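Predicted model, so just to flag it, every value in this text is computed and none were measured.
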Amino acid sequence: MFFHIVLERNMQLHPRHFGPHLRDKLVSKLIKDVEGTCSGRHGFVVAITGVEDIGKGLIREGTGYVTFPVKYQCVVFRPFKGEILEAVVTMVNKMGFFAEAGPVQIFVSNHLIPDDMEFQSGDVPNYTTSDGSVKIQKDSEVRLKIIGTRVDATEIFCIGTIKDDFLGVISDPGAAV
């Protein structure tokens, strides 16, 4: 799920950047340092939408660097247990498959795949129904439900299932016309 929140960060800036464009340098450094990162508490920072406040700088002795407290607004993505997501399958093996929904990697075990789907090894490993009508392979789009998350300091791991109503393959690249 996406949230729009306010965060704070201390930014260090080298003295050569001081001048009329100091604010622009701070904002560009903030965007470069923060966008695309993950904090276990808030989730993945998708985009910085605005800078609310830049506090007074504090000179660090011996280095000349100045530390500025910066308060900014950003959009974050944090998956929750029970959430339904659409994801792209990145890898299929006999243990299950991995899929990505934006920056989050989700593992779906073969125990959480419907019983009528069997693993097929070969050139393109996949899970196929007994009648061959539905196939999950690399680059397939699937709708899945998150049944568990594990949060580290810099990463979020998820376990998902497609063994529920209205979950499963949305589009199959192998069925292209």
_If I compare all heavy atoms of Arg9 with all of Asp33, which pair ends up nearest, and what's the gap?_
NH2-CB, 4.1 Å

*Any donor-acceptor N/O pair, Asn126 side chain to Val92 backbone, under 3.5 Å*: no

*Check whether any side-chain N or O of Thr90 sits under 3.5 Å from a backbone N or O of Glu100 as a donor-acceptor pair, and report yes or no.*
no

*Same hydrophobic cluster for Ile159 and Met117, using side-chain heavy-atom links shorter than 4.5 Å among ILVMFWY?*
yes

*Lys56 to Pro69 - nearest heavy-atom pair and separation*: O-CD, 3.5 Å

*Hydrophobic cluster membership, Val169 vs Val124, 4.5 Å side-chain cutoff*: no

*Asn110 side, atom CG; Tyr127 side, atom OH - distance, nearest 0.5 Å*: 4.5 Å

*asked:* Is it the case that atom OH in Tyr65 sees more than 12 heavy atoms from other parts of the structure closer than 6.0 Å?
replied: no

*Would you say Phe80 has more than 12 foreign heavy atoms packed within less than 6.0 Å of its CZ?*
yes

_Step-by-step side chain to side chain contact (heavy atoms under 4.5 Å, CB included) determination, Ile162 to Ile136_ = CA-CA 11 Å; Ile162 59 170; Ile136 297 173; 3.4 Å; yes

*Using the six-membered ring wherever Trp is involved, compare the ring planes of Phe107 and Phe98 and label them parallel, tilted or perpendicular (cut-offs 30° and 60°).*
tilted

_same_hphob_cluster(Val75, Val45) at 4.5 Å side-chain heavy-atom cutoff_ = no

_Mutual orientation of the aromatic rings belonging to Phe68 and Phe18 [parallel < 30°, tilted 30-60°, perpendicular > 60°]_ = perpendicular

_Linked, directly or transitively: Val88 and Met91 (ILVMFWY side chains, under 4.5 Å)_ = no

*Considering residues, nucleotides and ligands other than His17, do more than 12 of their heavy atoms fall under 6.0 Å from its NE2?*
yes

*NZ (Lys25) with more than 12 external heavy atoms under 6.0 Å*: no

*asked:* I'd like to know whether CD1 of Ile5 has more than 12 heavy-atom contacts from other residues, nucleotides or ligands below 6.0 angstrom.
replied: yes

*asked:* For the CD1 atom of Ile31 and the OH atom of Tyr72, what is their distance to the nearest 0.5 Å?
replied: 11.0 Å

*Under the side chain to side chain contact (heavy atoms under 4.5 Å, CB included) rule, what do Phe97 and Val142 come out as? Steps first, then yes or no, please.*
CA-CA 11 Å; Phe97 65 85; Val142 293; 4.2 Å; yes

*Report the distance from atom NZ of Lys145 to atom CG of Asp165, rounding to the nearest 0.5 Å.*
10.0 Å

*If you group Ile, Leu, Val, Met, Phe, Trp and Tyr by side-chain heavy-atom gaps below 4.5 Å, do Val89 and Met95 land in one group?*
yes

*Find the distance between CD1 (Ile54) and CE (Met11) and round it off to the nearest 0.5 Å.*
9.5 Å

*Going from CE on Met1 to CD on Glu83, what distance comes out if it is rounded to the nearest 0.5 angstrom?*
5.0 Å

_Non-hydrogen atoms of Ile146 and Pro79 that approach each other most closely_ = CD1-CB, 3.6 Å

*asked:* Looking at every heavy atom in both Thr67 and Gln12, which two are closest together, and how far apart are they?
replied: OG1-CG, 3.6 Å

*Between Gly122 and Pro125, what is the shortest heavy-atom contact and its length?*
O-CD, 3.9 Å

*What are the two closest non-hydrogen atoms of Ala101 and Leu85, and how far apart are they?*
CB-CD1, 4.0 Å

*Do side-chain atoms of Glu155 reach the backbone of Cys38 as a donor and acceptor pair under 3.5 angstrom?*
no

_Separation between CD of Gln105 and CD1 of Ile156, rounded to the nearest 0.5 Å_ = 13.0 Å

*Compare all side-chain heavy atoms of Lys163 with those of Asp115 and state whether any distance is below 4.5 angstrom.*
yes

*asked:* Consider side chain to side chain contact (heavy atoms under 4.5 Å, CB included). Of Thr161, Leu112, Ile106, which one does Leu144 pass it with?
replied: Ile106

